[in-house]
Amino acid sequence: MSARLRGHGPGVLVAALSSAFGVALIQGTGVLDAALRANALTGGSTTVGVLLQITSVVFIAIAVYAGAVVTTNTFSVIVAGRVKSIALRRLLGSTARAERRAVAREGLAVGLIGGLVGLIGGSVAVAGIAAAAAALGVLGPAPYDYAAPQALLPACAVVLTTWIAAVIGSRRVLSVTPMQALGGAEERSEEESRAGRLRSACAAVLVGLGIVLLVAGVALGAVTFSGLLVAFTGGVVSFTGIVLGAHLVIPRALRIAGRLMGGSATTRLAAENAVRYPQRSTRSTIGLLVAVTLITTFGVATRTFGDMVEAAAGNDPAYYAGIETMLTTVTAVFSVLIGFSAVIAGVGLVNSLSLGVLQRTRELGLLRALGFSTRSLRRMILAESGQLVLTAVALGLVLGTVYGWAGAHSLVAAARGMPGLWFLGVPWPLLGVVVAGGVLLTVVASVAPARRATRVAPVEALGVE
Amino acid sequence: MRDTEEHSGAAPTVARVRSVTKHYGSGDATVHALRGIDLAVRRGEFVAIMGPSGSGKSTLMHLLAGLDSPSSGEVWLGDREIGALDDTALTLLRRERIGFVFQAFNLVPTLDVIANVMLPFELRGTRPSREERAFIGRLLTELGLADRLGHRPRELSGGQQQRVAIARALASRPELVVADEPTGNLDSRTGREVLSILAGAAAAHGQAIAMVTHDPVAASHADRIVFLADGRVVAEEERMAAESIARFMLSLDTGR
Ligand SMILES: Nc1ncnc2c1ncn2[C@@H]1O[C@H](COP(=O)(O)OP(=O)(O)OP(=O)(O)O)[C@@H](O)[C@H]1O
Ligand SMILES: [Mg+2]
């Protein structure tokens, strides 16, 4: 069993991160709630606590989702690397279902280990911070019990989603035939699922419906304040559609990004690689796309909202100043919380790049033999990583800007003195941080895979194993 | 044409190994793959390397092509000793001077046929001249690939893939083409076809070939046959008939 768990390090890491994040949020809001109750001023009120918990559930859901997508990818890559040995066992009489069940069991084990580590890690982190805050006098004494049962929820959610992710990711096991153990067949592109038709249709419908609702929300916003509700629904519906149809959108966007990277042999090879397994690339970018979209949406919405209020308030700067600080603080907190999902997505990106390198050892050896220098090799991996990040960040920025703009206009356009529809507040500092984060991720994600790639000796392309 | 060159005796060597040894591992577990070999490949010459399995043929090829370094001895590519070169210099040297055909997995799976063939130019960062492009066009037609240029490797048969590899190895007209059992995965007829194309094209352009093969018929096209056994050169013959090669190989096998 322990041998079978090898290669699952990234899976455990992602599960532990999502679980720790969820547990920390629950425990953190619990501590805050307890402190507020103990406080004479706010004491007795439960509203704040409930509100805090509801908001944290949303953030936890996003992180767990990002983690699950990454894990699905990790498992599908692991299975792709095991095709030969699975085929050999099939040849010796094992059934496809038994093979898949074995992978699913590994998923459960990964989820359990990660979930537990996260549970302990998240609780300990919060307890430490609370103790430090109490010692500094920032927070009053909080009579809070860390053994709160609700802290188990995110950990359990992680175990469950990891398990499901393993089942989904291992779909390919079913298509491994005993024959594949025999032929020295060249690796083939991952078989794309054919059940995608219904999914694409659903995605298209959701996106269409969402756009209609968004437009309606903005239009309504010009006359009443309830436009936001409609626009918000439109945003959620259309983005669900985009995530669902990501397998259609992202590979196309990747191709365009690839073309932007230039036409040298290095970048062309990188571009081809990024779209070699469209499903894998889609899964490595989707988490990042979600995070960037949400951060941008929130940033643009608050900025536009703030600027519109400022424009409307015109000659009452004092009134505006209060709003400004509040908006900046909320945006910062929100971005950090979503940013955690981006980190999880980043782990997934590193992992899929590394495994991609591992799986094309021979190809890299061949390129080395033909005269690819280690520098070109490193540049190739960097370009590949850059292409994935660029796609996610660019798409996310565009989507987020549209959503944020629609949200702000649907909310306050009806108020007197508001500027027209063309008005857009751009949170340049925030977007700067997002882009810088993208550049950083590109470089960081390519370090380990590039090191591994340059260690491939040219001789490894020769002969057959 | 080849003969006149040989008789002139002045053909410069494109690759040479001098008393090279290669061992793997250490202590009791040491495997001596090569135990002191001298070999020179001259310009335009077709050398076949034969020998029982495990005799060190592949290891020798790797050294000759600058893909690996010897435990002791010297390896010269043209007028440069590769022991003195760093990885980048060696890479450049390979890129400029050597073409490869391996037993399998010769092609980059994500590139189509023409992109695979053009890869050496891309790596050098040069555009083929008009004359070179015409040459490559002829080569591809000769190899029966003219109507396959837009296909990916996985859409080709094994023989076609090997022919693409040959086209690539010859396209940039390197001085030396190194081939390690290039037809090992093919049936014997296809294999011989592929080999005669390789030998013919190389002869037409004065390229040297060093090729490992187990097929006596393939080896009978070579100008020189080098027999290895247990990491040593046990015999070196000028052109031989297929039957005598087969007989000699048999004696090597039984003599072990
Ligand atoms: N990387 C390695 N590590 C350890 N031993 C090796 C390695 N590569 C080759 N050898 C050993 O060196 C010897 C020569 O190997 P080589 O591959 O050169 O043989 P060969 O003549 O090409 O055989 P074949 O006809 O089977 O391809 C063999 O005994 C082999 O086991
Ligand atoms: Mg060999």
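Source: prediction; values computed, not measured.
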Comparing A:Asn273, A:Val275, A:Leu269 against chain B, the one with the most heavy-atom pairs below 4.5 Å turns out to be A:Leu269
Partners meeting salt bridge (Lys or Arg N to Asp or Glu O under 4.0 Å) with B:Arg189 (sequence neighbours left out): B:Glu193
Going by the rule salt bridge (Lys or Arg N to Asp or Glu O under 4.0 Å), which residues pair with A:Arg268 if we only count those two or more places apart in sequence or in a different chain? B:Glu122
Among B:Val108, B:Thr88, B:Leu93, which residue has the highest count of heavy-atom pairs closer than 4.5 Å to chain A? B:Val108
Is B:Leu111 in contact with chain A via its backbone, its side chain, both, or neither, using a 4.5 Å heavy-atom distance? side chain
A:Ser373 side chain to A:Ser376 side chain, donor-acceptor N/O pair below 3.5 angstrom: yes
Which pair of non-hydrogen atoms, one from A:Asn73 and one from A:Gln279, has the smallest distance, and what is that distance? OD1-O, 4.4 Å
Whatever's closer than 4.5 Å to a heavy atom in chain A on B:Arg124 counts as neither
